[in-house]
Each structure stands twice: as C-alpha cells, then as structure tokens.
Amino acid sequence: MSSGAEPPLSGTSGPGGRDTAAVRPAARAESTGRTGPDTGDVVEGTVMHKSPEPELRLFVFHHSGGSRLTYRDWPAHFPADWEVRTPDAPGRGPRDERPALADAGALIAYFLRTLEPRLTGPFAFFGHSLGGLVAYELTRRLVDSGRTAPVWLGISARGTLQPGGDRPQRHLLSDAELRRELAAMGGTAPSALNHPELWELFAPTIRADLRLGETWCSEPLAAPLPVPLSVFGGTADHVAPPHRLDGWAAASEHYFGLRLFDGGHFYFQGRLPEVARRIREDVRRALLLSPGLRTVR
C-alpha cells in the first residue's frame, strides 16, 4: 500500500514546505499564524476571506514534511465566497519550535481541538497523501461521535489502509538513503536535499511525518461513511499508483469515483486550475445529497 509519505514541493519552498526565500502571497489570499494564549496551539492557514458566514469552508491538509506554504496558491482558485484553510500540523515554520507529532491519535486530536470552532456550516475536507489520512480520520471521528461531518471528503495520492502486508520504512533509512529516496519520489529540489544546514533543520520533521504515515493503523469501518468521497491521484504516481486507490470505493455510501490526472505524486503541480475545478464540481454534487444546506456556487 502507499506509505502516505512524500517530500515537500520544490520551488521557493525548502524541505518541510518552509520557504528558503521570500514568499509572495497569492491573490485574494492571506496567511495567518496565531498562537493560542492558553493551549500553545498554532491556529494557522491560508484564508480566502474572513466572512463570518462563508458559503463553504474547505480545509486542505498537507503532505508529509509539508506545510501550508505548499498550498498557499490554492485559495485563489476557488470561489470568493469560500473560505479555504490550509492548517498546519505542529512543527512547521521557523517560528513553531514544537516537535512534529509522531503519533496518529495525537495528530488527529490536535486538529479536532484547533479546528473545532470552524467546523460549522457547510465544510469539506481535502488531504494530500498523509493529509488524506488526516482528512479521513477526522471524518471518521466526527461521524462516530455524532458531530457535524464534512459535506464532502477528498483523498489524494494515498492508498487504502489495508491491514498487514509489507509497508515501506523510509523513516528508518540513513540520511544519504533518505535523501536519494526523496529525490527519486520527486517534488523536492536537489539543492534543498543536499544543503547540509537545511537538511539538519528539516530532517526531524520529515522523519516524524514519514514514521507516522508508515506506521498508521486504522480500525476497519463497521459501515461505509455517509460522507460523499472522491479520490484523486496521478497516472504516473509510483508512491500511490492508481490501482492502490481503488479500495477507497468501499469506504463511503456515496463514492464519486477516482479522479486521475496526468502526472506523478504531485500531479497538481501545473494543473491546479483543473484540480480545483474538479473539487468544486464534486462539492456541489455532494451538497445535492445534503437537503437543507445552502447551495454553494
């Protein structure tokens, strides 16, 4: 099965999705980063707008070793009356000195706690690779506890959670082997992987995320989720190849299908308008199955 672990994107972002150069904010988007006074939680994300009642909130969860900076251009590709949030796991960014969480339960509890005030009205989850697991487990927790669930769930580039079998153990590789593996997986600039100071700074977060994704265990579903589900992937993805995405069909009462795009693990690079359009279409379709909710454009 897919490990759900992958390197951060290249470009202006170094390992962990943290910029090594100045960041130009996306049009119509603003980046926030606030530390809660009591809990120490960092509540952050790229936000399209801050209307008190957006038509829809879309939460986009990042991949292993990544952060919201990888997805900072996403909000501009969605309707202006959507609130698009890209929350970070702990240990992201130069100001966040907390270690990355290596326990799945703790990570899900963190997101439930920090996002709870915004899980109101119509909202949807989309997660890429490790972020797909986060989105899936958050949905399960909300459904199992009888709380408001997302109107739609999007899982990207992550194989199904099958028990047993051989799992990759990339988090146990030596530094040299791990850098070669990340380079082969694509998405990371060689200059970032080969920079000694950058690697020393970001390697602990990358390894913690890899370990989390490669050791993640999930109880089998007692029944398919009532939440509409779409699965996204790249036709040439060797980390989560299309045939390993098929198993998600049994996870939802309303499976919308597999959305494949030309490309590898980071298929959305260069195809963001197309991917965002597919997400918008599937969210609108999901809302038709949720009587009483407002129509989302």
Side-chain angles (χ1 to χ4, degrees), residues 9 17 23-33 43-63 66-88 111 114-128 131-132 134-136 138-139 142 148-157 227-233 252 254-261 263 266-297:
L9 294 177
V23 176
R24 289 177 296 179
R28 296 189 297 157
E30 98 181 49
S31 183
T32 64
V43 182
E44 55 195 5
T46 303
V47 184
M48 175 65 79
H49 73 132
K50 296 196 288 185
S51 169
E53 291 189 18
E55 290 297 312
L56 179 104
R57 286 191 176 98
L58 175 64
F59 295 89
V60 179
F61 297 97
H62 62 73
H63 55 282
S67 79
R68 70 185 187 276
L69 292 178
T70 299
Y71 306 89
R72 62 184 176 270
D73 293 333
W74 283 52
H77 292 274
F78 291 93
D81 52 8
W82 286 28
E83 184 176 282
V84 181
R85 291 191 166 267
T86 55
D88 276 349
F111 278 123
T114 56
L115 299 181
E116 183 176 16
R118 301 192 180 277
L119 300 182
T120 60
F123 65 90
F125 290 157
F126 179 93
H128 182 66
V134 170
Y136 169 72
L138 284 173
T139 301
L142 293 172
T148 301
V151 299
W152 175 80
L153 170 62
I155 295 176
S156 169
V227 177
L229 167 65
S230 304
V231 178
F232 293 69
S252 172
H254 308 286
Y255 181 61
F256 286 178
L258 176 59
R259 310 332 191 174
L260 290 177
F261 299 84
F266 294 99
Y267 62 86
F268 52 81
Q269 286 183 289
R271 295 185 176 277
L272 185 51
E274 183 182 356
V275 173
R277 182 169 59 252
R278 181 80 258 189
I279 293 174
R280 294 195 306 268
E281 291 172 354
D282 283 358
V283 168
R284 295 186 187 107
R285 180 181 171 189
L287 285 165
L288 295 176
L289 301 174
S290 303
L293 291 179
R294 292 171 292 177
T295 300
V296 173
R297 291 180 289 172

Chemist: Do the ring centers of F232 and F126 come within less than 6.0 Å of each other?
Modeler: yes
Chemist: I need the I279 CD1 to L272 CG distance, nearest 0.5 Å.
Modeler: 8.0 Å
Chemist: Hey, does H62 have a side-chain heavy atom less than 4.5 Å from the side chain of T70?
Modeler: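 A side-chain contact is absent here, since even the closest heavy-atom pair is not under 4.5 Å.
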Chemist: Indicate whether any N or O donor in one side chain lies under 3.5 Å from an N or O acceptor in the other, for R259 and S156.
Modeler: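 Result is no, nothing qualifies.
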Chemist: If you define the side chain from C-beta out and look only at heavy atoms, does anything of L153 sit under 4.5 Å from S252?
Modeler: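 A side-chain contact is absent here, since even the closest heavy-atom pair is not under 4.5 Å.
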Chemist: Taking the side chain as everything from C-beta on, heavy atoms only, tell me whether L119 gets closer than 4.5 Å to T148.
Modeler: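 A side-chain contact under 4.5 Å is absent here.
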Chemist: Measuring from atom CZ of F256 to atom CZ of R285, what distance do you get when rounded to the nearest 0.5 angstrom?
Modeler: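 Separation between the atoms: 4.5 Å.
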Chemist: Does this structure show an ion pair linking E281 with R278, if we count only N-O contacts that are shorter than 4.0 Å?
Modeler: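 R278 and E281: salt-bridged.
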Chemist: May I ask you to decide if the ring planes of H63 and H128 are parallel, tilted or perpendicular, using 30° and 60° as cut-offs?
Modeler: perpendicular
Chemist: Under the side-chain contact (heavy atoms from CB on, under 4.5 Å) rule, collect the residues that match up with E116, sequence neighbours excluded.
Modeler: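 Once residues adjacent in sequence are excluded, the partners of E116 under the side-chain contact (heavy atoms from CB on, under 4.5 Å) criterion are R147.
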Chemist: Can you find a pair of side-chain heavy atoms, one from V151 and one from L56, that are under 4.5 Å apart?
Modeler: yes
Chemist: Is there side-chain contact between L289 and P228, with heavy atoms separated by less than 4.5 Å?
Modeler: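 A side-chain contact under 4.5 Å exists here.
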Chemist: Once rounded to the nearest 0.5 Å, what's the spacing between atom CD of E83 and atom CG of L58?
Modeler: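 CG of L58 is found 10.5 Å from CD of E83.
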Chemist: Measure the CZ-CD1 distance between F61 and I155 for me, rounded to the nearest 0.5 Å.
Modeler: 11.5 Å
Chemist: Of F59, Y136, F111, which meets side-chain contact (heavy atoms from CB on, under 4.5 Å) against F125?
Modeler: F59
Chemist: Give, for atom CG of L260 and atom OH of Y267, the distance between the pair rounded to the nearest 0.5 Å.
Modeler: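 Rounded to the nearest 0.5 Å, the CG-OH separation comes to 9.5 Å.
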Chemist: Between atom CZ of R85 and atom CZ of R118, what is the distance when rounded to the nearest 0.5 Å?
Modeler: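 That separation rounds to 3.5 Å.
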Chemist: Hey, can you tell me if W74 and Y71 have their rings parallel, tilted or perpendicular (30° and 60° cut-offs)?
Modeler: perpendicular
Chemist: Taking C-beta and beyond as the side chain, do R68 and R72 meet within less than 4.5 Å on heavy atoms?
Modeler: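 With C-beta onward as the side chain, the pair stays apart.
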